[in-house]
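Structure, as structure tokens:
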Amino acid sequence: MGLVVTIDGPAASGKSSVSRELAQRLGWKWVSTGAFYRGLAYVAMNMNIDLEDVKALAELTHNPIWNIRLESDRTKVFFNQQDVTDDISHEDVGNFASKVSHFPEVRKALLEAQRNCAKGSENLVAEGRDCGTVVFPDASAKVFLTASSSHRAARRASELGLDHQDMMNAQKERDHQDSSRKVAPLSIPEEAFVVDSTELSLNEVVDRVEHFVRSKIQ
Ligand code: DC
């Protein structure tokens, strides 16, 4: 197993952009663990599986009808051999993902696949909600990214061409669900380097994170 750096934070805090850029600078691979929950929710909806049916959801996690592929620009999801990565990026899929992610059975079933991303000699940047606390508690460096709710909503609304206030409401609901669930809630890992990106450019955030990570892995 190579080195692992974790980046956690709430919805639209910039985790994916920062992780992708950091991984590129370090020459590491990266994974968005949110893609596992989004993929599962998307596939369940397409197979008409009830999002409250925990047993069926847990079984679906191991169904070869869908799979995840780590690529340098995105964590891709394939369903029936089709690339559905664009489809899972919608906010409603994010919300369904948040709903299925609160079942302990689902989290447990996806955990091994997420940990497998670190297997092999290549180092890994992993981003999500519980990467530093649960998935990779022994990570070499842990980062927690945050930003004001208005800033996060503005960022995602402009990416998806949606209304700012609607996005703020949707994110508020998702943050609440992700922070209040019993198992592996969104929380700041004890030894994490916390970065508030509200007033910073992407480059400034990545510079700070890279500086911290290099200090931890040297
Ligand atoms: O990061 P994201 O928006 O792609 O994540 C979608 C949902 O998946 C998020 O609202 C909660 C869930 N999730 C999780 O519970 N644990 C993770 N490590 C990553 C995502």
Side-chain angles (χ1 to χ4, degrees), residues 4-20 23 30-45 51 54 57-58 60-61 66 68-71 73-77 84-118 124-137 139 142-147 149 152-153 155-157 159-160 162 167-189 192 197:
V4 177
V5 165
T6 61
I7 302 190
D8 291 304
S13 54
K15 299 182 304 288
S16 290
S17 312
V18 172
S19 306
R20 182 190 300 115
W30 79 278
V31 63
S32 159
T33 54
F36 289 75
Y37 294 98
R38 285 175 181 265
L40 178 66
Y42 177 84
V43 171
M45 287 187 306
L51 293 183
V54 188
L57 288 173
L60 189 58
T61 60
W66 71 289
I68 303 262
R69 221 177 279 168
L70 272 52
E71 297 200 357
D73 59 336
R74 287 175 109 180
T75 300
K76 292 199 167 170
V77 177
V84 295
T85 316
D86 283 339
D87 304 305
I88 64 157
S89 68
H90 297 295
E91 189 52 34
D92 57 346
V93 180
N95 200 287
F96 291 132
S98 171
K99 291 198 159 72
V100 302
S101 76
H102 82 262
F103 295 120
E105 296 86 343
V106 166
R107 302 198 71 82
K108 199 167 158 227
L110 289 177
L111 192 57
E112 194 187 338
Q114 292 173 1
R115 288 191 173 145
N116 280 343
C117 297
L124 176 76
V125 177
E127 61 100 332
R129 301 290 184 294
D130 63 340
C131 290
T133 49
V134 175
V135 189
F136 299 111
K142 300 179 184 182
V143 176
F144 191 87
L145 271 189
T146 184
S149 53
R152 292 189 286 117
R155 182 183 287 158
R156 192 50 58 84
E159 262 171 33
L160 300 175
L162 298 172
M167 185 54 70
M168 219 154 115
N169 295 341
Q171 283 182 351
K172 203 169 157 200
E173 187 189 338
R174 196 139 74 90
D175 287 348
H176 175 71
Q177 280 169 188
D178 293 345
S179 311
S180 61
R181 67 175 175 236
K182 290 205 178 78
V183 180
L186 170 69
S187 62
I188 305 178
S197 69

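We count ligands from 1, going down the list as the structure has it; atoms in each ligand are counted the same way. For clarity, every value in this text was computed on a predicted model and none was experimentally measured. Scope of the values below: all heavy atoms of this structure, side chains included, with no hydrogens, waters or symmetry mates.
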Side chain of H102, backbone of K99: donor and acceptor closer than 3.5 Å?
yes

Heavy-atom donor-acceptor pair, R115 side chain to V135 backbone, under 3.5 Å
yes

Can you tell which part of D130 has a heavy atom less than 4.0 Å from ligand 1: side chain, backbone, both or neither?
both

Counting distance only, does the side-chain N/O of R38 pair as donor-acceptor with the main-chain N or O of A97 below 3.5 Å?
no

What I want to check is whether the side chains of Q114 and T33 have a donor and an acceptor closer together than 3.5 Å.
no

shortest atom 8 (O) of ligand 1-to-protein heavy-atom contact is with Y37 CB, 3.4 Å

Strictly distance-based, threshold 3.5 Å: is any side-chain N or O of R107 a donor or acceptor partner for the main-chain N or O of S101?
yes

Protein residue, atom and distance nearest to atom 1 (O) of ligand 1, heavy-atom basis
R129 NH1, 2.8 Å

shortest atom 4 (O) of ligand 1-to-protein heavy-atom contact is with R38 NE, 2.7 Å

Backbone, side chain, both or neither: what part of R181 comes under 4.0 angstrom of ligand 1, heavy atoms only?
side chain

Atom indices of ligand 1 within 4.0 angstrom of S101 heavy atoms, with elements
11 (C), 12 (C), 15 (O)

Per-atom contacts of ligand 1 with T33, taking only distances under 4.0 Å to non-hydrogen atoms
17 (C), 18 (N), 19 (C)

Here's a test for you: under side-chain hydrogen bond (donor to acceptor under 3.5 Å, both in side chains), which of S19, S16, S13 qualifies with E127?
S16

N or O contact, S32 vs ligand 1, cut-off under 3.5 Å
no

Check against side chain to side chain contact (heavy atoms under 4.5 Å, CB included), M167 and E91
CA-CA 8 Å; M167 185 54 70; E91 189 52 34; 4.0 Å; yes

Side-chain ion pair, E71 and R74, N-O less than 4.0 Å:
no

Expected output: side-chain D8 to main-chain G132 donor-acceptor under 3.5 Å
yes

In the protein, what heavy atom is nearest to atom 6 (C) of ligand 1, and what distance, to one decimal place, separates them?
R174 NH1, 3.4 Å

Which of the atoms in ligand 1, numbered in the order shown and given with their element, are less than 4.0 Å from a heavy-atom of G128?
18 (N), 19 (C)

Ligand 1-proximal atoms of K15, by part, heavy-atom distance under 4.0 Å
side chain

Any N or O on E127 sitting closer than 3.5 Å to an N or O of ligand 1?
no

Looking only at N/O atoms, are R107 and ligand 1 under 3.5 Å apart anywhere?
yes

